[in-house]
Amino acid sequence: MEQQENKPLKVYYSIGEVADMFGVNTSLIRFWEKEFNVIKPHKNKKGNRQFTKADIDNFHLIFHLVKEKGMTLKGAQMKLRENKAETEINFEVVKRLKVIKEELLSIKDQLS
């Protein structure tokens with residue numbers, strides 16, 4: 001994940017690139033697009049989906065709720081509908097805590 005942050009940001013990402021970011025199949029990306037109205041990719045003349053940074057941020061949030069926290073799709077949809085701002089803040093806190101944990105474990109390994 002760290003390598004992606006060092007790359008220059010693109011305006012649009014293909015469905016394959018998004019699937020690779022999350023380690024899932026493109027079919028899951030298309031399914032979540034239908035299930036969650038916060039994901040609205042642009043489509044080019046060929047009909048290919050082009051995802052923005054905002055779409056990817058929403059995928060991160062959905063991935064966290066469904067895959068990491070184990071929520072059902074209906075539960076995740078309701079959570080995003082009712083408390084999206086609070087859910088985003090909680091997700092950011094969790095991400096920061098994971099980074100801090102990794103840094104602390106790295107320091108522990110270096111001291112051992």
Side-chain angles (χ1 to χ4, degrees):
M1 187 82 167
E2 192 174 308
Q3 293 174 342
Q4 289 177 348
E5 293 174 9
N6 293 336
K7 290 181 183 177
L9 293 177
K10 295 169 60 174
V11 176
Y12 293 111
Y13 296 84
S14 71
I15 192 167
E17 290 172 317
V18 176
D20 288 344
M21 285 180 200
F22 295 96
V24 297
N25 293 326
T26 56
S27 59
L28 182 63
I29 301 298
R30 285 190 293 273
F31 178 70
W32 281 357
E33 175 192 343
K34 291 176 188 171
E35 293 294 315
F36 293 92
N37 61 1
V38 295
I39 301 168
K40 297 178 177 113
H42 296 86
K43 292 190 180 178
N44 64 14
K45 291 180 182 180
K46 291 182 177 181
N48 296 334
R49 291 166 176 83
Q50 298 176 318
F51 296 93
T52 63
K53 176 76 171 103
D55 291 324
I56 293 170
D57 291 342
N58 286 323
F59 271 118
H60 274 289
L61 199 53
I62 294 165
F63 187 86
H64 171 70
L65 292 173
V66 175
K67 297 290 188 179
E68 294 174 350
K69 288 186 75 175
M71 293 182 82
T72 63
L73 290 179
K74 293 289 182 197
Q77 289 167 341
M78 192 168 21
K79 184 101 170 153
L80 290 175
R81 195 177 324 115
E82 294 175 359
N83 291 328
K84 186 173 185 216
E86 182 181 324
T87 304
E88 288 173 336
I89 291 169
N90 289 342
F91 176 62
E92 288 301 318
V93 169
V94 168
K95 275 191 348 186
R96 288 183 188 150
L97 288 173
K98 284 181 181 178
V99 169
I100 292 169
K101 179 181 176 183
E102 288 175 13
E103 289 176 11
L104 289 172
L105 288 172
S106 173
I107 291 170
K108 179 184 172 190
D109 290 343
Q110 289 174 359
L111 293 175
S112 296

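Values below: all heavy atoms of this structure, side chains included; hydrogens, waters and symmetry mates excluded.
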Does Glu92 come within less than 4.0 Å of Lys95, counting only side-chain N to carboxylate O? yes
Would you mind reporting whether Lys67 and Leu28 have side-chain heavy atoms less than 4.5 Å apart?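 They are in side-chain contact.
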Please assess Val66 against Trp32 for the test side-chain contact (heavy atoms from CB on, under 4.5 Å), listing each intermediate value before the final yes or no. CA-CA 11 Å; Val66 175; Trp32 281 357; 4.2 Å; yes
Compile the donor-acceptor pairs under 3.5 Å between side chains in residues 70-77 and protein atoms, sequence neighbours left out, one pair per line.
| unit_1 | atom_1 | unit_2 | atom_2 | d |
| --- | --- | --- | --- | --- |
| Thr72 | OG1 | Gly75 | N | 3.0 |
| Gln77 | NE2 | Glu35 | O | 2.7 |
| Gln77 | NE2 | Glu35 | OE1 | 3.2 |

From [X] [atom1] over to [Y] [atom2], what is the distance, rounded to the nearest 0.5 angstrom?
{"X": "Ile56", "Y": "Leu61", "atom1": "CD1", "atom2": "CG", "value": "14.0 Å"}
{"X": "Lys53", "Y": "Tyr13", "atom1": "NZ", "atom2": "OH", "value": "7.0 Å"}
{"X": "Glu17", "Y": "Phe51", "atom1": "CD", "atom2": "CZ", "value": "10.5 Å"}
{"X": "Asp20", "Y": "Ser14", "atom1": "CG", "atom2": "OG", "value": "8.0 Å"}
{"X": "Met21", "Y": "Phe63", "atom1": "CE", "atom2": "CZ", "value": "13.0 Å"}

Could you walk me through whether Asn44 and Tyr12 pass the side-chain contact (heavy atoms from CB on, under 4.5 Å) check? CA-CA 11 Å; Asn44 64 14; Tyr12 293 111; over 6 Å; no
Using modelled atom types only, decide if a donor and an acceptor are shared between the side chain of Asp55 and the backbone of Lys40 within a distance under 3.5 Å.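 Confirmed, Asp55 side chain pairs with Lys40 backbone.
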Can you tell me which residue pairs pass the ring-ring contact (aromatic ring centres under 6.0 Å, His included) test with a partner in residues 92-112, sequence neighbours excluded? none
Could you give all pairs that pass the ring-ring contact (aromatic ring centres under 6.0 Å, His included) test and reach residues 64-101, with sequence neighbours left out? His64-Phe91
Hydrophobic cluster membership, with links at side-chain heavy-atom distances under 4.5 Å among I/L/V/M/F/W/Y: are Val94 and Ile62 in one?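 No, Val94 does not connect to Ile62 through the hydrophobic network.
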Between Ile15 and Phe31, is there shared hydrophobic-cluster membership here, with clusters defined by ILVMFWY side-chain heavy atoms closer than 4.5 Å?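 Looking at the clustering, Phe31 is in the same group as Ile15.
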Within residues 96-109 or reaching into it, pairs that qualify as salt bridge (Lys or Arg N to Asp or Glu O under 4.0 Å) - sequence neighbours excluded: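 Sorted result for residues 96-109: Glu68-Lys98.
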Table please: side-chain donor-acceptor pairs of residues 80-87 below 3.5 Å, with sequence neighbours left out.
| unit_1 | atom_1 | unit_2 | atom_2 | d |
| --- | --- | --- | --- | --- |
| Lys84 | NZ | Asn58 | OD1 | 3.2 |
| Lys84 | NZ | Glu88 | OE2 | 3.4 |
| Thr87 | OG1 | Asn83 | O | 2.7 |

Listed by chain and number, what are the side-chain hydrogen bond (donor to acceptor under 3.5 Å, both in side chains) partners of Gln50, not counting sequence neighbours? none
Which atom pair, heavy atoms only, marks the closest approach of Thr26 to Gly16? CG2-CA, 4.1 Å
